[in-house]
Structure formats: C-alpha cells, structure tokens
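Take a look at the structure below.
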Amino acid sequence: TPLVLESQRERFRRQAVESSDELLGMLLEEVDPERDAVVVVAPYASNESTSLTVVGVSAPGLEPGLLSSGTTRRAGFAQTVDIAPTILDLVGLEKPSSMEGTVIQTNPGGADAEERAEFLAAADDAARFRDRTLGGASVVFVLAQLGLWVLAVWTLARPGRRLRTVTEVGTLAVIGFLPVTYFAGAFPFHDWGSAAWWGFVLGMSAVLGATMQALGRRYLVDPLMLALGFVVALLSVDILFGGPLQFNTVFGYSPTVAGRFNGLGNPAFSMLTAAGIILAALVAHRVRGSVGTWCAVALLGWCVILDGAPMLGADVGGALSLVPAAGVTAFMLLGWRIRLRTVVLGAAATVLVVIGFGALDLLRPESQQTHLGRLLSDIGANGAGAFETVVLRKLNANLSVLNTSIWTLMLPLVFAAVAFVFWWAPWRLR
C-alpha cells in the first residue's frame, strides 16, 4: 500500500509471508499424504517487476524433483495454463479438449530440495538479467548495421586495402556478435554484471572477426563463409543437445516471457535461415561443379529439418517460410526455371512438410509433443476454429511488431543498401 513507509511495507510483507507460511503448515498437518494432493501456486509476481513465481505439487506416488509439463518440456518450468489440467488429473477427471495446457509432472533427480531451490532462484536471476540486456543488445546490433553500411559505401567509393580490411573485420565481428551472445549463456553473467557481459561479448566478437578475416583472406568470400558456417554450426550443435544455449540468453528465449521453452526461437530461426541460405549460395560458388551445388542443397535441407522437426527446432512458423525460401534458392542453384507450376508445387510441398512434422509429433508421447502436435489434436477435436484462433493471434503479433521493434529499421536500410550496390557496383553482386 502507498500509505506506509518503505521500511514498514517490507516489515508488513514479511509478517504476511510468515503468517501465510504458518497457516499453510497448519493445513498440511491435516493432510493425509497417502490419500490427499496439495497444489501451491503463486499465479503472479508480488512486485512490479517481471519475474518467475512458484508452483509446488505434493501427491501420493509423486517423487520429489523439479516440475515440468508438456507445454514447456523443460525441467523446472511449467505455465499457468498447466494448473487446471494438473488438478483435473489429480482428482481423476479427463481434461476437456478445449482446455489448453498439459499435466505437470516431476523430473526426479539426485538434487535435494535446497539445490532445486538454488537452481530455480538462479534461473530467475538469469531471466531478469537477460530481459534487461535484450534491449541494449538489439540497439547495439542495429546501430552497428547502420555504421557498417555507411562504411561499406565509403569503401566502395574510395577503395583502399586498409579501409577494406577494417570494413571486413567490422562486418565479420558484427556477424560473430550473434552467436557469441549464445556462448555467454554458458557463464553466470547474471552474477558478474552487465559490464562483464558486454566486455565478453564485444571482445569475443572482435576476436572472431579478426581471426576469420585472417584465416580466409586469400579468397574473397572465405571469411564470410567461415562466419556464416560458425552461426549454422553453433545453432545446429546447440539444438542437437537440447538447446542449452537458447535458454535465458539475449537472442534466445526467457521463461519470464514464456513464449517458448524449447527448440528454436524467432531470432535463432532468423540467424539460421539467413546464414544457411547465403552460405549455401557461397558453397555452390566456391565448390565448383555439381558437388558444390548438391552440397548447398543438402545444407538447405538440413536447415529445414533442424528448424521444423518437432524433436529439434519445433518451429512451425519458421518451416512455413523456410521451406519455400530454401526451395527457391535450391531451384536457382540447380539452374531450374521457376514457373507458376513451380510456385503451386512449392506451396503444396510447404503444407505437406508441416503436416509431416505434425504427424511425426503426434506419434510421440503427449508429454513430449510440441505446440504443433497439440494444435492438430485440437483441430481434430474442435474443428477449424482452433486453427483460426492461432492464425489470427500470430498475425496480430507479427503486425504489432512492425511499429514497436527497433529491428524494423533494418528493412529500409537493407533495401536501400542493396539498391545502392545494384547501381554502384553490380559486378559485386554477380
């Protein structure tokens, strides 16, 4: 309440928490652990900041451990929509098909209660640190793009070896900035502070840029191929091992936002797609003959699988855009003409790929299914209305981003830069 001093507010809050804890203890004394189930939920944070809250479940036959659900598929995390299905399951009732969420389950492990509490507290600290850092990292990346395009135009207008080297190293460093932010997730920067995070990320990006330029300077496109290959390789290895570097990292996903807990998020999808398509074209150029072309096509296919497969990236929206983009790129690399019939077949192939991923997802246990499998189940039970709801929600989210995100500045910038290169040095594009 605003009617008390800050010191009083904290004292009153502590008294309220202690009283609630005492009351809960009295209630638990009346619980029969062989028969009764207890669910304790904190549905929202008590302060004004965005932070994680707690859910605890005790029931007959339930082993101690971290909770998870089919919604998150990550040990230690469940969502509010999972509470109702869990309660229904505990009392022996079937969940209605119209209800979202999945049943919360335990992941028994060797950690004791104190270690589990420390893990969750550290995850909350890391999530809030990530959310505080995201805006600054996005601004730095976009502003670096602005500076790089100006520098690139200057380099084209006034060619010189030293200026060209500076431009190349700067460009490679900015590309390296993206995967380095994922590497930062392997260290407890939420304990070390923002200065340590920025020092690590900027320093490592500069080292990567200089190293790749030095290793590949004998041939024009080799440094770029090294940088793009590093992005694709890092994301591939990370997702194959369950995406540990995606969680609570700047361009990964955060449990406080709760949009995704597993697979590839939107920024990672963008990096994989852009790097994969450009790298495929460069591979076909660099490795002469049909070997290079088919290696490039295989790379595009791998990007589709990594992004869309339910046990890997589980990114349905990404697959819808990546399949036609990769298909067009593959056709051009193979020298095949794109006709109206090709477009129709491409649209059909996109739908079939997504349906195939969904069918594969439905074959897995319910606790392991992604949102795609649950959507197909929902459509089967409730008709096309479930699909319409998802499409409208996604459309609204995408349109709202156009006037709220700093990344929108990239669109006119890139189009203007490409138009300039077309006009000033078209041979560079060839």
Side-chain angles (χ1 to χ4, degrees), residues 145 171-172 174-175 178-179 216 219-237 239 263-309 312-357 398 407 410-411 413-419 421-422 425-430:
Q145 295 287 318
T171 303
L172 296 170
V174 170
I175 295 175
L178 299 173
Y219 193 80
L220 179 65
V221 299
D222 283 358
L224 181 57
M225 292 180 66
L226 287 173
L228 298 175
F230 182 64
V231 173
V232 174
L234 175 69
L235 293 175
S236 298
V237 172
I239 293 301
L264 277 172
N266 289 340
F269 157 76
S270 302
M271 297 175 205
L272 176 70
T273 301
I277 288 177
I278 299 172
L279 181 59
L282 295 177
V283 167
H285 165 74
R286 191 74 171 87
V287 182
R288 298 296 183 182
S290 60
V291 173
T293 301
W294 285 108
C295 285
V297 172
L299 174 61
L300 294 169
W302 167 246
C303 290
V304 171
I305 294 172
L306 183 72
D307 178 64
L312 296 174
D315 183 20
V316 184
L320 286 172
S321 58
L322 179 53
V323 171
V328 168
T329 306
F331 263 66
M332 296 178 70
L333 293 177
L334 291 167
W336 299 347
R337 292 186 59 187
I338 298 177
R339 302 181 176 87
L340 178 60
R341 179 181 61 184
T342 312
V343 175
V344 174
L345 290 175
T350 302
V351 174
L352 289 176
V353 168
V354 173
I355 292 176
F357 284 148
N398 278 277
W407 295 94
M410 300 288 290
L411 296 176
L413 175 67
V414 170
F415 290 141
V418 172
V421 177
F422 261 115
W427 63 273
R428 289 281 190 184
L429 294 177
R430 287 196 295 272

Check your understanding: Which distance, rounded to the nearest 0.5 Å, do you find between the CG of Leu172 and the CG of Leu228?
Key -> 9.0 Å
Any [X] side-chain heavy atom under 4.5 Å of [Y] side chain:
| X | Y | result |
| --- | --- | --- |
| Asp307 | Thr273 | no |
| Phe230 | Ile175 | no |
| Cys295 | Val287 | no |

Taking all non-hydrogen atoms of both residues, which atom of [X] and which atom of [Y] are closest, and how far apart?
| X | Y | result |
| --- | --- | --- |
| Val231 | Ala275 | CG1-CB, 4.0 Å |
| Ala319 | Thr350 | O-CG2, 4.3 Å |
| Trp302 | Ser236 | NE1-OG, 3.0 Å |
| Met225 | Val283 | CE-CG2, 3.9 Å |
| Val304 | Phe357 | O-CZ, 4.0 Å |

Point to revise | Option from Leu234, Ile239, Leu235, Asp315 for which side-chain contact (heavy atoms from CB on, under 4.5 Å) with Leu272 holds | key: Leu235
Exercise for review: Anything under 30° is parallel, anything over 60° is perpendicular, the rest tilted; go ahead and classify Tyr219 against His285.
Suggested key: tilted
Exercise for review: For atom CE of Met332, decide whether the heavy atoms of other residues, nucleotides or ligands shown that lie under 6.0 angstrom number more than 12.
Suggested key: no
Practice item. Check the surroundings of atom CG in Asn266: do more than 12 heavy atoms from other residues, nucleotides or ligands lie under 6.0 Å from it? Key: no
